[in-house]
Amino acid sequence: MIEVSHVSYKYRGGNLMRFPDFSLRKGEQLLLLGQSGSGKTTLLHLIGGLLRGYEGSIKVDGVELRDLRETELDHLRGKKMGFVFQRNHLVQALTVQQNIRLAAWLGGVREDEQHIHHLMDVLQLTEKRKSPVNRISQGQAQRVAIARAVANKPVVILADEPTSALDDVNCNRVIRLLMDIAHEVQAALLIATHDHRLKNVIANSVELK
Amino acid sequence: MNILVLVWSYLKARPLNTLLNTLLLALGIAVIMVLLLFTRQLQDKIQSNARGIDLVVGAKGSPLQIILCNIFHIDFPTGNIPLYEAEKLARNRLVKTAIPLALGDSYEGYRIIGCPKEYPELYQAGLAEGRWYQKDFEVVIGATVARMRGLKMGDHFTSAHGLSQGGHEHEEHHFTVTGILKPGGTVIDNLIFTSIESVWKVHDLPVQPVDTSRQQASNLVPSVAAGDSTKEITSLLIQYRSPMGAVQLPRQINQQTSMQAASPAFETARLFSIMGVGMDVLSAMAAVLIFISALSIFIALYNSLKERRYDLAIMRTLGATRFKIVFTILLEGIFLTVAGALFGLLLGHGVVGVVAASVEEIQKAGISGIVFYSTEWIILAGSLLLGLLCALVPAIQAYRTDISEVLGGN
């Protein structure tokens with residue numbers, strides 16, 4: 001699903017960053033470990049097509065990202081990728097349910113009614129589905145963000161520090177949720193983090209320096 | 001989920017802001033709409049009322065007053081002119097037709113006009129019921145008069161001197177309604193027609209029938225003798241035989257007779273240029289309102305975009321193309337301005353409707369709130385463009401947003 005080889009990237013006016021090679025198959029899980037400033041987020045954004053202009057090769061679902069035009073990248077993101085961030089940024093103007101359904105509309109995918117209901121059920125959001133997102137708890141917001149990331153049944157899930165701000169109990173809960181959901185939709189799960197607690201759960205890791 | 005739900009949700013999330021912006025624009029548009037409705041209808045009415053009359057001849061005085069009095073029937077006469085002078089003028093070779101009018105009385109604010117039936121026929125007036133007046137003190141009334149004063153066929157009434165209500169009552173003579181005109185949307189809807197002789201008799205002027213064996217009958221009022229120096233009328237409405245009339249007649253009349261000639265076309269143009277100043281001031285005010293609302297909408301979109309940078313970045317990660325984002329923002333601007341414009345148009349029609357319903361003078365002038373002009377489509381299209389314009393800069397900014405930078409900036 002993800003193949004990274006000989007990738008380097010240079011911000012304008014910054015140093016050249018080199019990234020280790022790795023690959024991730026369908027349903028596999030991998031940690032991208034490293035301290036702040038080691039380039040975890042940069043690599044994650046490169047794989048997500050949010051940053052362009054890398055050297056080397058990044059393939060997602062067999063497609064070399066460099067060869068895609070901007071709109072093709074948008075479509076790839078919408079259909080094949082799901083993103084989870086440390087800040088579970090939700091669209092404040094919308095309800096829980098609308099935030100999840102937003103993914104289908106923006107990704108240009110038909111709303112899979114059954115899948116969405118199932119997700120809300122699994123993530124215990126059904127009761128809150130019509131609540132505005134500014135009236136739900138942090139934990140619920142995190143679950144909405146996860147539901148939104150997998151609403152379109154992506155083949156890869158890219159998570160950026162999903163647990164760093166959480167205590168042990170919640171950290172454990174969120175990582176389990178992510179893994180379960182990834183497993184359910186058979187997606188490859190790539191987590192960029194400096195949170196070493198996750199090593200106890202996911203054995204595969206790549207260290208960035 | 002679709003774009004309308006999203007845009008609507010964003011607008012709903014800032015209800016006061018949305019309301020203020022819509023209302024500001026609506027007020028500006030409403031002012032323009034009220035102006036448009038009044039001036040257009042007034043212009044139309046004035047044009048249709050002055051149609052077929054090239055020149056009005058009355059007693060010396062203000063030419064504008066002569067026009068206001070004798071064509072629109074909203075002012076007092078400048079005085080009377082001798083019948084024999086009018087007869088002489090009517091025989092002029094440049095004159096095609098000449099219609100004498102004798103004014104003086106009214107019934108509850110509606111003017112009674114002594115005239116031959118050629119005058120209402122100038123406006124293609126047809127009878128809805130009854131017949132034209134034949135004998136003295138028989139009247140034919142306009143449709144508005146019948147409706148507003150509840151007059152029916154065969155009703156009797158007495159006239160009052162002057163045009164306003166509460167003038168001296170001429171109680172000794174009773175008028176009888178013998179005909180009611182069809183509504184025509186012109187000034188004749190507000191008039192009461194009778195013979196010139198009736199008007200004279202109400203004012204106690206002796207009217208001796210002409211003895212055609214000894215005297216020649218008047219060419220204007222055939223029942224009396226020509227050259228009768230005791231008889232007077234208020235005015236003479238003239239149609240030229242040729243364009244030469246316009247060149248020669250007014251000057252001839254003003255220089256060689258005791259009468260005054262006034263051209264409806266010229267005087268109404270003058271009237272509009274006087275009113276135009278007020279209209280310009282109001283239009284400028286409306287323009288300022290619209291400008292402020294546009295500015296306010298721009299600022300609102302610009303500010304909300306700052307708050308929404310992260311929203312937009314997230315939407316991009318969910319697969320939204322740049323164009324979808326841009327389109328969402330443009331649509332938000334368009335939504336605000338078009339809603340404002342629609343509300344403004346409605347408000348404009350409503351205000352004119354309410355004013356027309358509560359002020360009788362406005363109603364008399366035939367102005368209504370439920371007249372629609374193609375200009376309203378232009379206003380709607382213009383507001384759409386305005387919305388696009390207001391949203392353009394925020395949309396361009398959204399287009400240029402670097403998602404990676406926004407997402408990494410936490």
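The local environment of CZ in A/R18 is sparse, with at most 12 non-hydrogen atoms from other residues, nucleotides or ligands closer than 6.0 Å. Heavy atoms of other residues, nucleotides or ligands lying less than 6.0 angstrom from NZ of A/K79 number more than 12. Within a 6.0 Å sphere centred on OH of B/Y302, other residues, nucleotides and ligands contribute 12 heavy atoms or fewer. Other residues, nucleotides and ligands contribute only 12 or fewer heavy atoms inside 6.0 Å of the NZ atom of A/K80. Enclosure of atom CZ in B/F291 is not indicated, since only 12 or fewer non-hydrogen atoms of other residues, nucleotides or ligands lie within 6.0 angstrom. Within 6.0 Å of atom NZ in A/K26, 12 or fewer heavy atoms from other residues, nucleotides or ligands are found, so the atom counts as exposed in its surroundings. When the shell of 6.0 Å around CD of B/Q43 is examined, it contains more than 12 heavy atoms from other residues, nucleotides or ligands. Under a cut-off of 6.0 angstrom, the local environment of CZ in B/R14 is crowded, with over 12 non-hydrogen atoms contributed by other residues, nucleotides or ligands.
Across A/T41, A/L76, A/L94, the residue that shares the most heavy-atom pairs under 4.5 angstrom with chain B is A/L94. Taking B/I403, B/I314, B/T317 one by one and counting their heavy-atom pairs under 4.5 Å with chain A, the maximum is reached by B/T317. Annotation: maximal heavy-atom pairing with chain A below 4.5 Å, among B/R316, B/R322, B/R308, occurs at B/R316.
Of the inter-residue distances, the one linking A/E70 atom CD with B/F323 atom CZ reads 9.5 Å to the nearest 0.5 angstrom. In this structure, CG on B/L407 lies 10.0 Å from CG on A/L44, to the nearest 0.5 angstrom. With values rounded to the nearest 0.5 angstrom, A/L50 atom CG is found 12.5 Å from B/E405 atom CD.
Heavy atoms of A/Q97 lying under 4.5 Å from chain B are absent altogether. Using a 4.5 Å cut-off between heavy atoms, B/L11 makes no contact with chain A at all.
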Quiz item: Checking side chain to side chain contact (heavy atoms under 4.5 Å, CB included) for the pair A/W105/B/L318: CA distance, chi angles, key distance, verdict?
Solution: CA-CA 9 Å; A/W105 173 61; B/L318 290 173; over 6 Å; no

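Heavy-atom minimum distance, A/H45 versus B/S404: ND1-OG, 2.7 Å. Heavy atoms only, all atoms of each residue included: B/T321 and A/D74 are closest at CA-OD2, 3.2 Å.
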